[in-house]
Amino acid sequence: MTQPSTERGQGAAADVDLPTQYRPADVEGRLYERWVAEGLFTGDPKGAPERPAFSIVIPPPNVTGSLHMGHALDHSIQDTLIRRRRMQGYEAVWVPGMDHAGIATQNVVERELAKDGVSRHDLGREAFVERVWQWKGESGGRILGQMRRLGDSVDWTREAFTMDDARARAVRTIFKRLFDDGLIYRAERIINWCPRCLTALSDIEVEHEEVDGELVSIRYGSGDDEIVVATTRAETMLGDTAVAVHPDDARYAHLVGREIELPLTGRRIPVVADEHVDPEFGTGAVKVTPAHDPNDFEIGRRHSLPSLSVMDERGVVTASGPFAGLDRFEARPAVVAALREQGRIVAEVRPYKHSVGHCQRCATVVEPRVSLQWFVKVESLARAAGDAVRDGRVKIHPPEMASRYFEWVDNMHDWCISRQLWWGHRIPVWYGPDGEVVCPGPDEEPPAGWTQDTDVLDTWFSSALWPFSTLGWPDETPDLKRFYPTSVLVTGYDILFFWVARMMMFGLYAMDGVQPFGTIALHGMVRDQFGKKMSKSFGNVIDPLDWIDEYGADATRFTLLRGANPGGDVPVAEQWAQGSRNFCNKLWNATRFALINGAHVRGGMPAELSTVDAWILSRLQSVVAEVDEHLEGYDFAKACEALYHFAWDEVCDWYVELAKVQLADERAEATRRVLGEVLDKLLRLLHPVIPFVTEELWTSLTGGATIVTAPWPTAEPGRADPAAEAVVESLQRLVTEVRRFRADQGLKPGQKVAAALEWGGSPLAAHEEGVRSLLRLTVPGEGFAATASLPVEGVAVRLDTAGAIDVAAERKRLEKDLAAARREVEQTSRKLGNEAFMAKAPEAVVAKNRDRLAQAEADIKRLESQLAALPAG
């Protein structure tokens, strides 16, 4: 970058190397690569001990993924936190990396193979895994490059992957410990099963959708043994092993303990009493299919019922009889037809909307299925994860989200960790020829000739180690010593239950009770401007890369962060991104103006300051304190609002305009220094949010090497000047009211009008030149005749508007508005004088009506004054 001219600050306009317009594409890539090359994002675990550590591990995006708006929000929040701490002098580390995404990645590679007519089974396991690694090297990880475009200040020297050698060793180590402690076991349990991916699924890999189904009422048994059940999955009745009723349901008391005939099968099944049954729902009787329903599985365990599987792993019926070989969705109407033929359908099939689980990766309807799987026993681990939040070691922000966390960890079921895939961490268990089982450690070899388990671990198992495996665990590394526990975890509330809870369980277990992070900062989901969920089917998905191309990374980040209220969903719209781009351009133009006029940051503040200079420095201290408070509270929306309004409204719209007058007189040098000071600190405050434009402007303004490591501004209470603020606030009210009057009179903003200003001893008299500049008021000349007089802030503003407006049209408009205001006063006064209304109306409604009355009365005074000020005729 070209260094600032040495002429700046010497009184004359300086040469400026900033282009007249800000073009993000010319700046962002160049700056980012320089930052990385200079190692500005690299933390040193052996750095100065007085520098406190601050660390974040990025929620690892899938290796198959690309940047979407959710990522952009999440990363913008994390980058704001880490950049600020870096500027505050912390030894800051933000660890990047990716998740191997077992199911998603295997599906991608299998689809690639299918194009050539090849399946993974044709290749064999070893060759297929090699092919996946090849795909990862060639095509995976695209999102890492997209993170650079967003401006993520991650430490690329610490990049991790959930299946690299270091993470594989961590997985083997914790599996061994859990196994030896009896916290990992293998058992037949009912799990979520995808008939397309042919694997078990975790809860987070199942997306529930409301679908239109059919509710079928079927008569089991006959005569006195008759009982009616209702189901949306008639095909599963082939695997029924009981009918359940509530123990207190008198209607079925005579049937409990007896057996009834199961239609179509020739089998007889018992009627059992179980408190899980809701006697008020349907007929109060439910069919029990332990092998194909999680609730039924639990009923079956309580009553020692057999689990009869009637479908294979692809959802094809295996029960002997006429339905064998049919797909589950083909079997459903076939079973209903057969029941109807036997007169077993009690009522006509009726439409029924219900929630159905779908595989997150392929959208196939999930099939609950009894299967032999590996599980983590979570009771003690989940209790520890709950206690860490309850005793304050970990804080959830916003606090109201804690109840959701407790609801999950306090009611957690054992975690199914095995997946029937080839891509992933293979279960580190080997079987001997006589059924022996061994789990060797990461540095141990299994017995020769033994066979390793064919399943792989759930992707969430390895990512649960992320806060400490990325820092070198299980070795005692300098990184682990300096940066664990990490400082804050930033993530969406939607995975609070799944990923966050599992990191808490494993972190506390592996690190001897030390929590994986001090704070969990939860944000909401990005939605469209109407609050609607983004979906391809809705046609409202926004690609953040499109915004970055069109408006720049800074504008994209600012738009997202400006809507990031703690825990709340974040609406976005393209016009808001346009507004954020305009904000960046406003900063650019203001800084360029300052440089042209010699603003600088050399030397201390002048001993004598004008009221305007004292005011902006005073306001700056308040904004520094306000932004600090909001960022410490993870309220990015309020921090951005404070910065936006200070930068745009106070600095650009007021101070820069008032400074133009001072830059032309004896106050120029002091104003150059103050203008430089304000922009210097403002740009530093904005840098964590909009890093690129602030770097380009700050280095031009200050001549500094980089804003990335520049000190974070701190409030200086001694700079507070309430008196100066009061004077300028009075000046602002004066200018605002006259501007409103001008607009009401139909005068264009840039139209010059002659005016006499009668100060009457007001301290604003010292700012006459500034007032005239802001209001486009010329000094009265010969023949001046005031046609309007406006008393504001103790000042009489007398204007000559003759010939500038259509008096008749303006009078007609004002009279119409005055009549409307008088009607409002009459109607509102009548309502507030009504005793019945006042007795019954809520206080908020009464207050609203009082506000309306006060506003209408003020409008009457203003309109009458404006009418009186109009020229006669």
Side-chain angles (χ1 to χ4, degrees), residues 54 56 72-90 92 94 150-153 395 397-399 487-492 519-524 526 553-572 576-577 579-584 586-587 590 616 618-652 678-695 697-698 707-708 710-716:
F54 186 85
I56 301 176
L73 170 65
D74 194 68
H75 291 201
S76 296
I77 290 173
Q78 291 175 75
D79 200 30
T80 297
L81 294 172
I82 205 80
R83 284 182 182 270
R84 176 169 173 262
R85 290 299 191 220
R86 195 178 286 123
M87 295 173 76
Q88 288 177 318
Y90 284 70
W94 185 15
L150 188 64
D152 287 6
S153 63
K395 293 179 172 56
H397 194 86
S487 305
V488 59
L489 173 78
V490 178
T491 191
T519 298
I520 302 168
L522 299 171
H523 59 76
V526 181
D554 289 330
T556 301
R557 293 164 61 118
F558 194 75
T559 302
L560 291 164
L561 290 168
R562 202 174 173 191
N565 294 294
D569 287 343
V570 181
V572 295
W576 301 344
S580 296
R581 176 199 57 193
N582 295 343
F583 177 64
C584 293
K586 190 84 167 178
L587 287 173
I616 197 64
S618 182
R619 287 293 305 129
L620 176 62
Q621 308 320 309
S622 297
V623 170
V624 169
E626 184 180 357
V627 170
D628 270 335
E629 179 183 356
H630 293 322
L631 291 181
E632 289 295 329
Y634 302 96
D635 198 332
F636 302 95
K638 286 184 179 177
C640 287
E641 281 300 295
L643 287 166
Y644 176 89
H645 289 295
F646 177 68
W648 192 300
D649 300 343
E650 297 187 83
V651 175
C652 295
V678 170
L679 288 173
D680 164 32
K681 291 188 175 179
L682 174 59
L683 292 170
R684 282 189 272 153
L685 289 170
L686 282 163
H687 173 70
V689 177
I690 50 175
F692 293 110
V693 69
T694 51
E695 169 85 336
L697 295 175
W698 187 85
I707 197 174
V708 172
W712 179 256
T714 55
E716 302 174 53

A.B. asks: Within the 4.5 Å heavy-atom criterion, are Arg83 and Val708 side-chain neighbours or not?
C.D. replies: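 Yes, their side chains come closer than 4.5 Å.
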A.B. asks: Do other residues, nucleotides or ligands put more than 12 heavy atoms under 6.0 Å from the NZ atom of Lys638?
C.D. replies: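 No, because the 6.0 Å sphere around NZ of Lys638 holds 12 heavy atoms or fewer from other groups.
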A.B. asks: Counting C-beta onward and ignoring hydrogens, is there a side-chain heavy-atom pair between Leu489 and Ile56 closer than 4.5 Å?
C.D. replies: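 Result no, sub-4.5 Å side-chain heavy-atom pair not found.
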A.B. asks: Please report the closest heavy-atom contact between Leu560 and Ala72, naming both atoms and the distance.
C.D. replies: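 Closest pair (atom of Leu560, atom of Ala72, distance): CD1-CB, 3.6 Å.
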A.B. asks: Looking at NE2 of His687 and CG of Asp554, how far apart are the two atoms once the value is rounded to the nearest 0.5 Å?
C.D. replies: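 These two atoms lie 9.5 Å from each other.
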A.B. asks: Which heavy atom of Thr80 sits nearest to which heavy atom of Ser76, and what is that distance?
C.D. replies: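 Scanning both residues, the minimum pair turns out to be OG1-O, 2.8 Å.
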A.B. asks: Is there a side chain to side chain contact (heavy atoms under 4.5 Å, CB included) between Phe646 and Ile616 once you walk through the steps?
C.D. replies: CA-CA 10 Å; Phe646 177 68; Ile616 197 64; 3.9 Å; yes
A.B. asks: About how many Å separate NE2 of His75 and CG of Asp152, when rounded to the nearest 0.5 Å?
C.D. replies: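 It comes to 5.5 Å.
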A.B. asks: Which heavy-atom pair separates Pro566 from Gly633 by the least distance, and what is that distance?
C.D. replies: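 What the structure gives for the nearest pair is CG-O, 4.4 Å.
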A.B. asks: Looking only at heavy atoms, which two atoms of Pro711 and Arg684 are closest? And how far apart?
C.D. replies: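 Closest pair (atom of Pro711, atom of Arg684, distance): O-NH1, 2.6 Å.
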A.B. asks: Just so I know, are the side chains of Glu716 and Leu620 near enough to count as touching, which here means a heavy-atom distance under 4.5 Å?
C.D. replies: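 No, side chains not in contact.
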A.B. asks: If you look at every heavy atom in Ala564 and Val570, which pair is closest and at what distance?
C.D. replies: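 Scanning both residues completely, I find the closest heavy atoms to be CA-CG2, 4.0 Å.
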A.B. asks: For Asp74, what residues pass the side chain to side chain donor-acceptor pair (under 3.5 Å) criterion, not counting sequence neighbours?
C.D. replies: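 Testing Asp74 for side chain to side chain donor-acceptor pair (under 3.5 Å), a comparison that skips the adjacent residues, returns Gln78, His523.
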A.B. asks: Please examine the side chains of Leu587 and Leu682, heavy atoms only from C-beta on, and report whether any two atoms are closer than 4.5 Å.
C.D. replies: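 Side-chain contact under 4.5 Å: yes.
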A.B. asks: Applying side chain to side chain donor-acceptor pair (under 3.5 Å), name anything that partners Gln621, two or more places apart in sequence or on another chain.
C.D. replies: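 Not a single residue meets the side chain to side chain donor-acceptor pair (under 3.5 Å) criterion with Gln621.
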A.B. asks: Using the side chain to side chain donor-acceptor pair (under 3.5 Å) criterion, which residues pair with Asp649? Sequence neighbours excluded.
C.D. replies: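 Side chain to side chain donor-acceptor pair (under 3.5 Å) check on Asp649 returns His645.
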A.B. asks: Checking Arg562 against Tyr644 for the side chain to side chain contact (heavy atoms under 4.5 Å, CB included) test, could you report, in this order, the C-alpha distance in whole Å, the side-chain angles of both residues, the deciding distance, and whether it holds?
C.D. replies: CA-CA 9 Å; Arg562 202 174 173 191; Tyr644 176 89; 3.3 Å; yes
A.B. asks: Measure the spacing between CD1 of Ile520 and OH of Tyr634 and express it to the nearest 0.5 Å.
C.D. replies: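 Taking CD1 in Ile520 and OH in Tyr634, the distance rounds to 11.0 Å.
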A.B. asks: Under the side chain to side chain donor-acceptor pair (under 3.5 Å) test, which residues partner Ser580, sequence neighbours left out?
C.D. replies: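 Side chain to side chain donor-acceptor pair (under 3.5 Å) list for Ser580, sorted by chain: Thr559.
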A.B. asks: Any non-hydrogen side-chain atom of Asp79 less than 4.5 Å from a side-chain atom of Trp94?
C.D. replies: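 Asp79 reaches Trp94 side chain to side chain.
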A.B. asks: Decide yes or no for Cys584 and Phe692: does some side-chain heavy atom of the first lie under 4.5 Å from some side-chain heavy atom of the second?
C.D. replies: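 No, side chains not in contact.
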A.B. asks: With a 4.5 Å cut-off on side-chain heavy atoms, are Phe583 and Leu686 touching?
C.D. replies: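 Contact flag for Leu686/Phe583 side chains = yes.
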A.B. asks: Would Asp635 and Asn565 count as a side chain to side chain contact (heavy atoms under 4.5 Å, CB included) if you check the C-alpha gap in whole Å, the side-chain angles of each, and the deciding distance to 0.1 Å?
C.D. replies: CA-CA 6 Å; Asp635 198 332; Asn565 294 294; 4.0 Å; yes
A.B. asks: Look up atom CD1 in Ile77 and atom CZ in Arg557, then write down how far apart they are to the nearest 0.5 Å.
C.D. replies: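 If I round to the nearest 0.5 Å, the distance is 11.0 Å.
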A.B. asks: Does the side chain of Trp712 come within less than 4.5 Å of Leu631's, by heavy atoms?
C.D. replies: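 Leu631 reaches Trp712 side chain to side chain.
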A.B. asks: Run through Leu73, Thr556, Val526 and flag the one making a side-chain contact (heavy atoms from CB on, under 4.5 Å) with Val572.
C.D. replies: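 Option passing the side-chain contact (heavy atoms from CB on, under 4.5 Å) with Val572: Val526.
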A.B. asks: Between Val624 and Ala715, which heavy-atom pair has the shortest distance, and what is it?
C.D. replies: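 Smallest interatomic distance, heavy atoms only, reads CG1-N, 3.4 Å.
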A.B. asks: Could you state the interatomic distance from CD1 (Ile707) to CG (Leu683), rounded to the nearest 0.5 Å?
C.D. replies: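 It is 5.5 Å, given to the nearest 0.5 Å.
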A.B. asks: Applying side chain to side chain contact (heavy atoms under 4.5 Å, CB included), run through Phe54 and Val488 and close with a yes or a no.
C.D. replies: CA-CA 8 Å; Phe54 186 85; Val488 59; 3.9 Å; yes
A.B. asks: Arg581: which residues meet the salt bridge (charged side-chain N to carboxylate O under 4.0 Å, His left out) condition with it, sequence neighbours left out?
C.D. replies: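 Partners of Arg581 under the salt bridge (charged side-chain N to carboxylate O under 4.0 Å, His left out) test: none.
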A.B. asks: With sequence neighbours excluded, give me every salt bridge (charged side-chain N to carboxylate O under 4.0 Å, His left out) pair touching residues 621-631.
C.D. replies: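 Matches after skipping sequence neighbours: Arg84-Asp628.
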